J.: 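One structure, pasted below without further comment.
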Amino acid sequence: MSEEGGLSSFWGPVTSPEWCEKNYTHCAYIAEFFNTLSNVPCIILALIGLINALRQRFEKRFSVLHISNIILAIGSMLYHATLQNVQQQGDETPMVWEMLLYIYILYSPDWHYRSTMPTFLFLYGAAFAVIHGIFRFGIGFKIHYAILCLLCIPRMYKYYIHTDDLKAKRLAKLYLATISLGTLFWLADCRFCHEISYWRFNPEGHALWHVLMGFNSYYANTFLMFCRAKQRGWNPKVVYLFGLLPYVKIEKPKTQ
């Protein structure tokens with residue numbers, strides 16, 4: 001939401017879509033304060049996941065996945081802090097790259113031609129970055145992103161029904177709960193922004209979306225790490241950091 005009188009601040013006039021938060025209310029350098037800072041939990045959770053993946057020597061795909069979560073959160077921070085079109089591309093393009101990584105991790109174990117999938121996904125991601133940078137899709141981007149998300153669901157469901165561990169199943173349920181609730185907040189923020197602008201208190205639905213999607217990514221990553229460790233025979237167990245945050249602990253055979 002633009003400032004009254006069309007005023008701009010440090011980053012100049014707004015050149016990208018805005019969300020339901022007044023601009024530059026807390027800091028001259030941050031356009032949407034809560035939408036920017038709400039990405040910090042995403043970075044912290046991804047760092048925790050990355051440390052766990054490196055410490056226990058999971059496959060590199062999971063380290064890359066956690067790093068992609070961090071890159072996406074930083075891109076989102078830059079976008080909401082500046083509300084500039086270039087930074088918007090830096091937010092949206094990593095969203096697609098991240099989903100391509102999820103598709104690779106979900107489907108690669110049963111893909112017989114190992115080099116073709118990563119090559120295709122890499123070229124697809126690179127082509128999208130160039131095309132999206134030129135044409136700057138609006139609703140087309142949202143539809144495209146939704147399709148990529150839907151492609152992951154059948155495989156996630158397959159992993160869920162073939163998992164006997166109750167704690168691991170709970171991760172999948174938390175994944176579903178956070179994405180459902182986050183989407184609800186995102187839609188409400190878009191649909192009812194005009195009404196919300198008259199409220200004395202803004203619930204910051206888009207910021208809540210960021211926080212919930214940070215947890216969503218963490219739960220998804222942790223569940224996939226458990227499933228992959230199970231496939232590799234690493235005897236995975238879901239344990240809790242400080243009794244609150246779940247992570248996967250493995251015991252690799254000595255030969256590995």
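Just so you know, these numbers come straight off a predicted model, no measurement behind them.
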J.: Going through the distances and angles, do Tyr247 and Asn221 end up as a side-chain hydrogen bond (donor to acceptor under 3.5 Å, both in side chains)?
T.: CA-CA 9 Å; Tyr247 69 96; Asn221 297 357; over 6 Å; no
J.: Would you say the side chain of Trp97 lies within less than 4.5 Å of the side chain of Leu72, judging by non-hydrogen atoms?
T.: no
J.: Atom CD in Glu98, atom CD1 in Ile70: separation rounded to 0.5 Å?
T.: 11.0 Å
J.: Please confirm whether His132 and Phe141 have ring centers closer than 6.0 angstrom.
T.: yes
J.: Nearest 0.5 Å, what's the CZ-SG distance between Phe10 and Cys27?
T.: 10.0 Å
J.: Is Arg170 close to Leu166 at the side-chain level, that is, under 4.5 Å between some pair of heavy atoms?
T.: no
J.: Can you check whether Val238's main-chain N or O pairs, donor with acceptor, with Lys249's side chain at less than 3.5 Å?
T.: no
J.: Return the CE to CD1 distance between Met225 and Ile250, rounded to the nearest 0.5 Å.
T.: 7.5 Å
J.: Take atom CZ of Phe135 as the centre, draw a 6.0 Å sphere, and report whether it contains more than 12 heavy atoms from other residues, nucleotides or ligands.
T.: no
J.: Can you tell me if His210 and Ser38 form a side-chain donor-acceptor pair at under 3.5 Å?
T.: yes
J.: Is there a path of hydrophobic side-chain contacts, each under 4.5 Å between heavy atoms, that joins Leu78 and Ile44?
T.: yes
J.: Side chains of Tyr24 and Trp11, heavy atoms from C-beta outward: is any pair under 4.5 Å?
T.: yes
J.: Working to the nearest 0.5 Å, report the span between OG1 of Thr163 and NZ of Lys230.
T.: 8.5 Å
J.: Do Gln88 and Gln84 have side-chain atoms, one donor and one acceptor, less than 3.5 Å apart?
T.: no
J.: Under 3.5 Å, is there a donor-acceptor pair between the side chain of Glu21 and the main chain of Phe34?
T.: yes
J.: Please examine the side chains of Asp110 and Arg155, heavy atoms only from C-beta on, and report whether any two atoms are closer than 4.5 Å.
T.: yes
J.: Atom CZ of Arg191 and atom CG of Leu184: how far apart are they, to the nearest 0.5 Å?
T.: 13.5 Å
J.: So which heavy atom on Cys20 is nearest to which on Asp189, and how close?
T.: CB-OD1, 3.3 Å
J.: State whether Glu59 and Arg232 are salt-bridged, where the test is any N-O pair (Lys NZ or Arg NE/NH1/NH2 against Asp/Glu carboxylate O) under 4.0 Å.
T.: yes
J.: State whether the side chain of Tyr218 and the backbone N or O of Pro246 hold a donor-acceptor pair below 3.5 Å, judged by distance alone.
T.: yes
J.: Spell out, as yes or no, whether a donor-acceptor pair under 3.5 Å connects the side chain of Asn39 to the backbone of Asn35.
T.: yes
J.: Would you check, one step at a time, whether the test side-chain contact (heavy atoms from CB on, under 4.5 Å) holds for Ile30 with His26?
T.: CA-CA 8 Å; Ile30 301 177; His26 294 77; over 6 Å; no
J.: Would you kindly confirm whether Phe120 and Phe128 end up in one hydrophobic cluster when ILVMFWY residues are joined by side chain heavy atoms under 4.5 Å apart?
T.: yes
J.: State, with a plain yes or no, whether a side-chain heavy atom of Phe215 is found less than 4.5 Å away from one of Leu174.
T.: no
J.: If every non-hydrogen atom of Trp234 is compared with every non-hydrogen atom of Pro253, which pair is closest and at what distance?
T.: CD1-CD, 3.8 Å
J.: Within the side chain of Thr178, is there an N or O that forms a donor-acceptor pair under 3.5 Å with the backbone of Tyr175?
T.: yes
J.: For a quick test of reading the model, state the closest non-hydrogen atom pair linking Ala46 to Asn69 and the distance between them.
T.: CB-CB, 3.8 Å
J.: For residues Ile48 and Leu212: do they belong to one hydrophobic cluster (side chain heavy atoms under 4.5 Å, members Ile, Leu, Val, Met, Phe, Trp, Tyr)?
T.: no
J.: Might you point out which heavy atoms bring Gly214 and Cys42 nearest each other, and give the distance in Å?
T.: CA-SG, 3.6 Å
J.: If we count only N and O atoms by modelled type, under 3.5 Å, do the side chains of Trp111 and Thr116 hold a donor and an acceptor together?
T.: yes
J.: Nearest 0.5 angstrom please: Met156 CE to Tyr102 OH, how far?
T.: 8.5 Å
J.: Please determine, by modelled atom types, if Asp91 and Gln87 share a side-chain donor-acceptor pair under 3.5 angstrom.
T.: no
J.: Please lay out, stage by stage, how Leu45 and Ser217 fare under the test side-chain contact (heavy atoms from CB on, under 4.5 Å).
T.: CA-CA 9 Å; Leu45 289 168; Ser217 297; over 6 Å; no
J.: When the ring planes of Trp19 and Trp186 are compared, do they come out parallel, tilted or perpendicular, using 30° and 60° as the limits?
T.: tilted
J.: For Leu65, does its backbone N or O pair with a side-chain atom of Ser68 as donor and acceptor, under 3.5 Å?
T.: yes
J.: What pair of heavy atoms forms the shortest contact from Ile196 to Ala188, and how long is it?
T.: CD1-O, 4.2 Å
J.: Between Leu47 and His66, is any pair of side-chain heavy atoms under 4.5 Å apart?
T.: no
J.: For Lys252 and Arg57, indicate whether the former's side chain and the latter's backbone hold a donor-acceptor pair under 3.5 Å.
T.: yes
J.: Can you tell if the side chain of Ile131 reaches within under 4.5 Å of the side chain of Ile134, non-hydrogen atoms only?
T.: no
J.: Between Lys237 and Val248, is the side-chain contact (heavy atoms from CB on, under 4.5 Å) condition met? List the steps.
T.: CA-CA 6 Å; Lys237 295 179 181 179; Val248 178; over 6 Å; no
J.: Are the side chain of Ser16 and the backbone of Leu83 linked by a donor-acceptor contact shorter than 3.5 Å?
T.: yes
J.: Sub-3.5 Å donor-acceptor pair from the side chain of Asn216 to the main-chain atoms of Leu176, do we have one?
T.: no
J.: Please report the C-alpha distance between Ser76 and Met95 in whole Å, then the side-chain angles of each, then the deciding distance to 0.1 Å, and finally whether the side-chain contact (heavy atoms from CB on, under 4.5 Å) criterion is met.
T.: CA-CA 10 Å; Ser76 180; Met95 290 174 66; over 6 Å; no
J.: If two hydrophobic side chains count as joined below 4.5 Å and joins carry through other members, does Phe58 share a cluster with Leu106?
T.: yes
J.: For Tyr160, is there any backbone N or O sitting under 3.5 Å from a side-chain donor or acceptor partner on Lys169?
T.: yes
J.: Are Val96 and Met99 co-members of a hydrophobic cluster defined by side-chain heavy atoms under 4.5 Å apart?
T.: yes
J.: Does any part of the side chain of Ile43, heavy atoms only, come nearer than 4.5 Å to the side chain of Met77, both counted from C-beta?
T.: yes
J.: Taking all non-hydrogen atoms of both residues, which atom of Tyr104 and which atom of Pro118 are closest, and how far apart?
T.: CE1-CD, 4.0 Å
